[in-house]
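Here the structure is laid out as structure tokens; the discussion comes afterwards.
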Amino acid sequence: MMRRLLVMVLVAGTSLLTGLASAQGTKLWSVGRYDEMEKGTTDGVAIRSDGRLEAGPTTSLLYTTVKSYVWSIASDAAGNGYLGLGGTASGSALVMKVMPDGKASQIFEGKELAVQAVRLAGDGSVLVATSPDGKVYRVPAAGGGVGAPAVIFDPATTEEKPKYLWDLAIGKGGEIYVAAGAPAVVYRVPAGGGKAEVLFKTADQHIRCLLMGADGTLWAGSDGSGVIYKYAAGAKFAPGMAGAKPFAVYSAGRREITSLAMDAAGNVYAAGVGTKGHTALPPLPVTGNVGVSITFVQPGSSTAAGSNTLVPDGSEIYKIAVDGSPQKLVTLKDDVVYALAVRNGSLVAATGNRGRVYRVDTNEAGRFTDVAHLEASQGMAFAPVKDGLLVATSNSGKVFRLGDAVATNATYTSEVFDAQGFSQWGRMEIKAGAATGFDLFVRSGNVESPLMGWSEWAKVGSDGAYAVPAGRYVQWKAGLRSGGTVDSIALNYLQKNLAPVVDEIVVQPGARVTANAAVPNAGTVQITFPPAAGTSAPVTFSPDASSQPLTAQKDKTAVTVRWMAHDDNGDDLMFAVWYRGVGEANWRLLKDKITDKSYSFDSALLPDGSYEVKVVASDAPVHADAEALTGEKVSEVFVVDTTPPVPGMLKAEVVARGITKDGAGSANELSWVRIHAVVQAQDATSPIAHAEYSIDAGPWHYLEPKGMVSDSKTEVYDFTVDAPEIAGTAQDAKEHVLAVRVYDRYENVVAVKAVVR
């Protein structure tokens, strides 16, 4: 196996990029795992579970129906396919005969919703099982013509009266086995016709699928408990054996067994879907007649196909060896397995809801190959033909031919890769099984869709070099020939260096962010970014954890600056914080080489006044000085105010005195005084916010200025208040202390007092 590790960068489209600085080093887009490879588009290419690309089977569209659902398919020796169709209205049950050239004719029409199973009998007649509330019909071959369909089994005539008929199997003697559901029963219809007999019943909801082994053993898979049964029918069956007990071979980890298949050695394969769980039953009545009614649930796979939804937890495929030992082969988390088949010794699975066909390794658990992507949501059923398999699909109803031969023009096209910026495309690193057997191509563009003005495909040389224009998007393509394989592809690329962007700045005076523990019982301040214009949500740029509210400690002596910034190249950034006063020309540095996205500083560094802050972001940590780029943003104006207002003289005088009696008829007297006061306060930086007064060290009371509204740097307070009453004579109340506190907008406070006599 050849391995190329080409680390030299080939500059494509050099003339377009001359003089451009590069982003943070050469990067690598690699595609090698299965989950990466499956995102691309395949045409005749198979993808192994280890991510290897190889030529897959030929796949072609044979026939498109007029219905949404093809539930079943059978084939004859001439290569004709017989499709069981269905829809959402009564009368949708049809059987179409499709010839190898794609021409089709209708051979059956029923009143039911769907043809759930189609089988070819030994005499060339077509057996048709319809559902729900359906029947089993025989459509005679009649020498190539079509006779009237005959009902050979009607569940309404049975004691169990099952609602659904899910599958059919034909025994060696021509007897017909019918898998029914709601309730779960398997019936045997004699080859020559006659009354159907119950072969066995189970406690499950449905018998979903049947398989007739080469030795005459009948296999069945259930829905409800996910059990695989076998029954020694065939040559050993005789009248009177009806109702004999089947043998439960395996209880799967999934609720529903959707399909069974057998290889030439006698190993049985089963597909299980859905999560096991108990079906909710109505409560038992405590009075009246004793009885229990059971609610039957339609199988999850059938519901998922009809509604085009996924079954939770995907699917599992099991192997039951000849000796009866079980083994889980593979788990498909995103796929519902609807059908299994063994072809040329290989196990294949048709799945939904992505329309995938897988080839499953039966010898090594966990290995599989994604061999085909069908142009339909669900691959529903297989039927063998001379040169391959017919695959029936739903959503939409089609038939594809999956050939035994390997595709000669197998092409894999990767997903479109977004480099998140204008980039130079470098050499391709290739890991492949051989140096030949495939060709590689690359194309690039500056819009997401390759159909909108991309470059032409450029072939990749043996050294991994190619020539496409620089751009934001790129895509590669592999053309595989017989024997060619590709394990992984990687493209080197170098982004043009883009300047970082400072998205938003907020400045919060009176708050400090520190790495030290918070002061006990200290208040906190939430610093958040303002909403974008026209919206109520916070502004958002690239996802950034620093956009969440930041908790800071209240601190009148501090100012905190916070910002959001991003770099489209993903470069590491550092920051510098500058300031200047409003009206000043020069910026002055507060702090540089900051790696956090916030910075707190002492407000004492700035005299009181109005300021702006500028944050400069630089990608210098990952670039040489000559190539480093910067981006900056200036904050809104904020105010630093650490100086309290300046008060004038508090003038206070007594304007009235009096004595009142202490209650009715009391001889005690209470003296009182009324005080008139005037004080003016002025602040150099911010408006006066409010004032309070207190008399004789009593409680503080809110005080309004003249004009009622505090909106100026100078406010006058002119007020009259009553001093507290005091027991005794007027002489006892001759002196009071009046105090006034004045606050500016930034909670700086000053107090004055006056003694009133």
Side-chain angles (χ1 to χ4, degrees), residues 42-47 55-76 78-86 94-104 114-120 167 209 211 258-261 269 271 273 301-302 304-305 308 315 317 332 335-360 368-407 410:
T42 63
D43 183 4
V45 171
I47 310 173
T58 58
T59 305
S60 59
L61 177 63
L62 177 63
Y63 175 66
T64 299
T65 75
V66 296
K67 300 291 185 181
S68 296
Y69 310 107
V70 182
W71 292 105
S72 55
I73 188 170
S75 59
D76 59 21
N80 300 305
Y82 299 84
L83 317 182
L85 308 181
L94 302 176
V95 176
M96 300 295 295
K97 179 180 179 180
V98 181
M99 292 183 287
D101 61 0
K103 295 180 180 179
V115 173
Q116 201 66 48
V118 178
R119 294 289 180 267
L120 269 293
D167 203 1
C209 53
L211 170 68
T258 56
S259 183
L260 296 165
Y269 304 94
V273 306
S301 64
S302 178
N308 202 17
S315 306
I317 297 177
L332 301 172
D335 301 277
V336 179
V337 177
Y338 288 99
L340 297 175
V342 175
R343 182 69 180 178
N344 297 330
S346 297
L347 177 66
V348 290
T351 71
N353 282 340
R354 301 185 296 168
R356 304 286 177 88
V357 178
Y358 297 94
R359 184 174 60 239
V360 180
F368 62 88
T369 303
D370 181 351
V371 298
H373 294 184
L374 307 175
E375 295 178 359
S377 294
Q378 291 94 16
M380 298 298 300
F382 289 117
V385 290
K386 179 181 178 181
D387 55 354
L389 290 170
L390 300 181
V391 188
T393 67
S394 291
N395 292 305
S396 57
K398 299 177 182 178
V399 178
F400 294 87
R401 182 185 284 114
L402 192 68
D404 294 332
V406 174

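- Ala381 and Ala339 get closest at one heavy-atom pair: CA-CB, 3.7 Å.
- Two residues are said to be in side-chain contact when any heavy atoms from C-beta on lie closer than 4.5 Å; Phe400 and Val357 fail this criterion.
- Of all non-hydrogen atoms in Tyr82 and Leu120, the two that sit nearest each other are CD1-CD2, 3.6 Å.
- Residues Pro100 and Asn80 meet the side-chain proximity criterion, which asks for heavy atoms closer than 4.5 Å.
- Atoms CG and CG, from Leu402 and Leu374 in turn, are 7.5 Å apart once rounded to the nearest 0.5 Å.
- The closest donor-acceptor contact from the side chain of Tyr338 to the backbone of Ser301 lies under 3.5 Å.
- Remark: side-chain polar atoms of Thr258 are paired, donor with acceptor, to backbone N or O of Val337 under 3.5 angstrom.
- Lys103 contributes atom NZ, which lies 12.5 Å from atom CG of Leu62 (distance to the nearest 0.5 angstrom).
- The OG atom of Ser72 lies 9.0 Å from the CE atom of Met380; values are rounded to the nearest 0.5 Å.
- When side chains are defined from C-beta on, Ile317 counts as touching Leu347, because their heavy atoms get closer than 4.5 Å.
- With rounding to the nearest 0.5 angstrom, the CZ atom of Arg401 is 10.0 Å from the CG atom of Leu61.
- Of all the heavy atoms in Thr64 and Lys398, the pair that sits closest is OG1-CG, 4.0 Å.
- Nearest heavy-atom pair, Gly44 versus Ala410, reported as atom, atom and distance to 0.1 Å: O-CB, 3.2 Å.
- A salt bridge does not link Lys386 with Asp404: none of the charged nitrogens is closer than 4.0 Å to a carboxylate oxygen.
- Rounding to the nearest 0.5 Å places CG of Asp335 at 4.0 Å from OG1 of Thr351.
- Listed for the Thr65 side chain is a donor-acceptor partner under 3.5 Å among the backbone atoms of Lys67.
- For the residue pair Leu83 and Val118, the shortest heavy atom distance occurs at C-CG2, 4.4 Å.
- For Ser394 (side chain) and Val70 (main-chain N/O), a donor-acceptor pair under 3.5 Å exists by modelled atom type.
- Of all heavy-atom pairs spanning Ala46 and Val371, the tightest one is CB-CA, 3.9 Å.
- In this structure, CD on Glu375 lies 10.0 Å from OG1 on Thr59, to the nearest 0.5 angstrom.
- Contact check for Val336 versus Gln378: no side-chain heavy atoms found under the 4.5 Å cut-off.
- Of the possible donor and acceptor atoms, none in the side chain of Ser75 sits under 3.5 Å from a partner among the backbone N and O of Ala383.
- Taking the side chain as every heavy atom from C-beta outward, Arg343 and Phe382 never approach each other to under 4.5 Å.
- Side chain of Thr393 to backbone of Ala376: no donor-acceptor contact under 3.5 angstrom is found.
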Show your reasoning for whether side-chain contact (heavy atoms from CB on, under 4.5 Å) applies to Val348 and Tyr358. CA-CA 5 Å; Val348 290; Tyr358 297 94; over 6 Å; no
